[in-house]
Amino acid sequence: MTSVTFRSHDGSTVQVNGELGVSLMQTALSNGIDGIVGECGGSAMCATCHVYVDEAFVNLLPPMNDVENEMLECTVSTRRASSRLSCQIRLSRELEGLVVELPETQA
Amino acid sequence: MQLVEDHIRTLIAADIPIWDVDPYATEVLQTPEPYYTELREKGAFVYIPRYALLACGRYDETREVFSDWERFVSSRGVGLADFHVAKPWRAPSIVLEVDPPYHTRTRTVISRALSPRAVNDLKDAFAAKADALITELLDLGEFDAVDDLAEAFPVSVFPAAVGMREISKRMLVDYGAMAFNALGPENERRSKWLEKASEIVPWIMEQCKRESLSPGGFGATIYAAADADELTEEEAGMLVRSLLSAGIDTTVTGIGNTIWCLGRNPEQFEKLKRDPKLARPAFEEALRYTSPVHSFCRTASVDTTVGGVPISRDTKILCVLGAANLDERKWLNADRFDIERRPTGHLAFGVGIHGCVGQIVARAEAEAILTAIAQKVYSIDIIGEPVWRPNHAIHALDSMRVRFNRR
């Protein structure tokens, strides 16, 4: 298990335990986190699972592919340097304690 | 090497069930649920002799075949014909029927044109059109949910968003229906639809030229990629045409099918009226429940196994998305339509690199029209029996008389 904290736009936080190897998007959905929609099911095709990753974890994530990069270019909430699609992040031991912020809106 | 329906006859392992069914028979296309159930029950893969191919309809295996673009390629055609051995009826789509790395280039350009932000800019316009249309339909009282609503709404917003100036509802809807029927076997239906090409294709070609399109639309974004040397001028034209072949008939079907679902399940419509924010989840559930794109093919590029079943190279595989979306192994009470289900992972838009590139627009259209319905309509009466329109890849209504009662 990996502990993950979701901080919503209004500042409230929820901490959950996610299964290793499962995507952050799926983890959010199975824990009923509002603010992650994940409509395309994890194909990096809808940009409704956009998150801002806490600085301490940005460099621990797998590199971004072209598709994710292009999608993030045109998300509804503004892209930042720490923006990622949570469907492209798989939970690992290295990510223990991961903190992500949720954007104001996904769609 | 023996060809059947323009693909290499599949050799089967002894333990794969053989099923003498015709997935393209009119009655199967109109009422596919019994076929879906039997397909799943027979096995993960079944061999269908009349078309010499494998079909799959259980969720896990269908998802695996459909999403693994390296082992199961799209470049050999997503219909029955294998482009390695047969000449396609038209130049294949340069996004649907190609593999990476070429696919990445074209796909990137279209996903930029149809991006979340581009679509977000259209939301108000979609909502205003939806509102006006539902007001009009309430005044009519009784109408055809296909012609007057499911076809009318996407045709009133999507071609304009592309930048089209001349809009013909019949041409646009039929263009998609023709392209999707072409994916099936060489039967009477396919020939009948391909005959329409001589009328439809030149019209579409003309409307999708750079100079025919207004600035600021999806089409202009695609032509801008040609200016930036990301695409050739010819490729840009092909991608704009892809928007129309893939973006009209599909959303028309999705919206029509959702009305069918809501009309038959008044308690679900009550939920939607109470909380119009359920418009998007309701559309997702209707997509899972009715699978507007019922099946697409892949071709095995290597000898491989899926779920322990050996599959030999060159095998055509019919991925029956409609069956996978109703698989009890994946979905609890799969045969129940429940707008609160949140069916993330359904295969109606596909999955992986070939997942529907227009899904953001499709959802925005559906959200607009379903929200207007939830706010203005008290109840939906289906009058008489709805009629389904058989198509080799699309499960759509042909006509459905409906009455909207005013709230």
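Convention: sequence-line order gives letters A, B, ...; per-chain numbering from 1. None of these values were measured; they are calculated from a predicted model.
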Considering all heavy atoms, the nearest B:G352-A:M45 contact: O-CE, 2.7 Å
Least distance between heavy atoms, B:Q359 atom then A:C40 atom: OE1-CB, 2.9 Å
Gap separating the CG atom of B:D121 from the SG atom of A:C74, nearest 0.5 angstrom: 11.0 Å
Neighbour count above 12 (heavy atom, 6.0 Å) for B:R329 CZ: yes
Side chain, backbone, both or neither of B:R63 within contact of chain A (heavy atoms, under 4.5 Å): side chain
Proximal to chain A - members of residues 108-117 of chain B, heavy-atom separation under 4.5 Å: B:T108, B:S111, B:R112, B:S115, B:P116, B:R117
Spacing of B:R363 atom CZ and A:T48 atom OG1 [to the nearest 0.5 Å]: 6.5 Å
Minimum heavy-atom distance between A:V37 and B:T344, given as atom pair plus value: O-OG1, 4.4 Å
Within 6.0 angstrom of B:E328 CD, more than 12 heavy atoms from elsewhere: yes
Residues 274-290 of chain B: residues contacting chain A (heavy atom under 4.5 Å, by number): B:R280, B:E284
Within 6.0 Å of CD in A:Q15, more than 12 heavy atoms from elsewhere: yes
Rounded distance (nearest 0.5 Å) linking atom CZ of B:F349 with atom CD of A:E39: 8.0 Å
Beyond-backbone contact of B:H354 with A:S43, side-chain heavy atoms, under 4.5 angstrom: no
Heavy atoms of other groups near B:N333 CG, more than 12 under 6.0 Å: yes
Side-chain heavy-atom pair B:I360, A:M71 within 4.5 angstrom cut-off: yes
B:K129 atom NZ, over 12 foreign heavy atoms within 6.0 Å: no
